[in-house]
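Below is one structure, written out as structure tokens; the observations come after it.
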Amino acid sequence: MSTPSPTKTGMIDFRGVSKWFGTLNVLKDITLSVEPREVVVVCGPSGSGKSTLIRCINGLEAIKDGDLIVDGQRLGDPATNMTQLRTEIGFVFQSFNLYPHKTALENVTLAPIHVRKIARAEAEQAGRELLAKVGLADKVDAYPSQLSGGQQQRVAIARCLGMRPKIMLFDEPTSALDPEMISEVLDVMVAVAEEGMTMMVVTHEMGFARKVAQRVVFMDAGAIVESGTPEEFFSAPKTDRSRAFLSKILRH
Amino acid sequence: MIWQQLQSLAGSYPLAVRGLGMTVMLSLISLVLGTALGFGLGILRTGGNRLISSVIGAWVDLIRGTPFLVQIFLIFFILPEFGIELDAFTAGIIALTNLAACFICEIVAAGIRSVPTGQVEAALASGLSRWQRMRQVVLPQAMRIVLPPLVGQYVLLIKDSSVVSAIGLTDLTRVGWLVVQRVPNGLLVFFLVGVGYFIVCYPLIMLARRLERRMGAAHGEVQL
């Protein structure tokens, strides 16, 4: 892959990014640029660094070397207001991480009210619409413990959308779900992608990748091994490692 | 004989009320101050600044590892050496508040640590500030863990307040000492002193038990 010129900046721009956990080199010289409205699926064996990669984007993990520029702001730069930048980046977790003491609606409206300073009534109106959009109009007053995994993850997506982010990051959003609940979450993600959201999605859901991703990035041992359109990647993987990986996940 | 003693005791009634009032005042003031300080310390203890956290940790260990009576004497007799004149009431409040704050600090810190990291990450990811994360996400969940032992700590605090009689404050315990000089029946007098403390503490014990039961149920209900 060629290094993008410093003047051209994508929505998310990794330039030679490296990271260590102690002596373990979890990200090795990552260079990757995600354009606005682009949907990139990141896959690879467990421990390949794909979750770490997207967790760096909103600063849940700090990078060691290289530059990471998100929405025109360089992470780690003293001039970059990380809290401010995070409001532009939605993050969907594998384990949902809904606030258990708040209802679905309160989960969605918390950050808009306290961070965006939107009036409560307005935020609640928008929150109800978002919950309706993810198919949970009848669950606005339910607590997370009263919802199924698929429903919780849809609330989590609505919670991100409530901030009207420029970027959405998904960290294995369907891995913790029972099989019958995966499609209801993927459907919501497809709808978000089709509205033109810039997305990076760590997932092994190849159907989702084929449907909405412009690019699939395959990682192994902390490095980007291969990247291409879903069509190229699935029908003609170029490396032994990606072939071995695909044979494992497609067998199921 | 016993009849005379009871009559004499009845005469001490106003003193007993004063003593009970002193005990309740001391406990209440240091309970409120100690709770506020304890929460502050507990939040700082878990706040990520290692230096602050270990200084607080060391202080808490020091206070937990020395007898309360010694702490009271230190505050009451040592501080005047440095030119800080304290009346017994203020010294008692300071000592009790400090004691309560140290125990509450550890209770609050344990509660905060019990909140899964995923909760903090979710709050962080949605752009909530440090204080908003604490106020909106972490503390409400920590309270489930904090409340039952916190109320239990209040009971201990009320009982520990009896130690301030050693620096001359006329609390319930000291009233016992005063009365027993006139009514030479230690068993009876201190039985009544004990009843006085129990009357103040028992509602809190009941409250702690109720909270524990309620929180236990809520915990089962709210699964992460």
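Throughout, a chain's letter reflects where its sequence line sits, starting with A, and its residues are numbered from 1.
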May I ask you to check whether over 12 heavy atoms, not counting those of B:F191, lie within 6.0 Å of atom CZ?
no
Which bit of A:R116 is near chain B, if near means a heavy-atom gap under 4.5 Å: side chain, backbone, both or neither?
neither
Where on B:Q132 is there a heavy atom nearer than 4.5 Å to chain A: the side chain, the backbone, both, or neither?
side chain
Validation row: A:L110, B:V137 side chains within 4.5 angstrom (heavy atoms)
yes
Taking atom CZ as the centre, does B:F77 end up with more than 12 heavy-atom neighbours from other residues, nucleotides or ligands that are less than 6.0 angstrom away?
yes
Give the interface residues of residues 124-140 of chain A toward chain B, defined by a heavy-atom separation under 4.5 Å.
none
Most heavy-atom pairs under 4.5 angstrom with chain B, which of A:L169, A:N58, A:L85, A:L60?
A:L60
Where A:Y99 and B:S126 come nearest, the two heavy atoms and their spacing:
OH-OG, 3.6 Å
Heavy atoms from other residues, nucleotides or ligands near CZ of B:R113 exceed 12 (cutoff 6.0 Å):
yes
Look up atom CG in B:L124 and atom OG1 in A:T83, then write down how far apart they are to the nearest 0.5 Å.
7.5 Å
Has the side chain of A:N97 got a donor or acceptor atom that lies under 3.5 Å from a matching backbone atom of B:G118?
yes
Pairs of heavy atoms under 4.5 Å with chain B: top-ranked of A:M163, A:R55, A:M82, A:R159
A:R55
So do the side chains of A:H101 and B:M143 get within less than 4.5 Å of each other, counting heavy atoms only?
no
Within residues 86-93 of chain A, residues adjacent to chain B where the heavy-atom gap is under 4.5 Å
A:R86, A:T87, A:I89, A:F91, A:F93
Between CD on residue B:Q136 and CD on residue A:E106, distance to nearest 0.5 Å:
9.5 Å
Validation row: A:K102, B:P140 side chains within 4.5 angstrom (heavy atoms)
no
Checking the side chain of B:Q119 only, and the main-chain atoms of A:L98 only, is there a donor and an acceptor separated by less than 3.5 Å?
yes
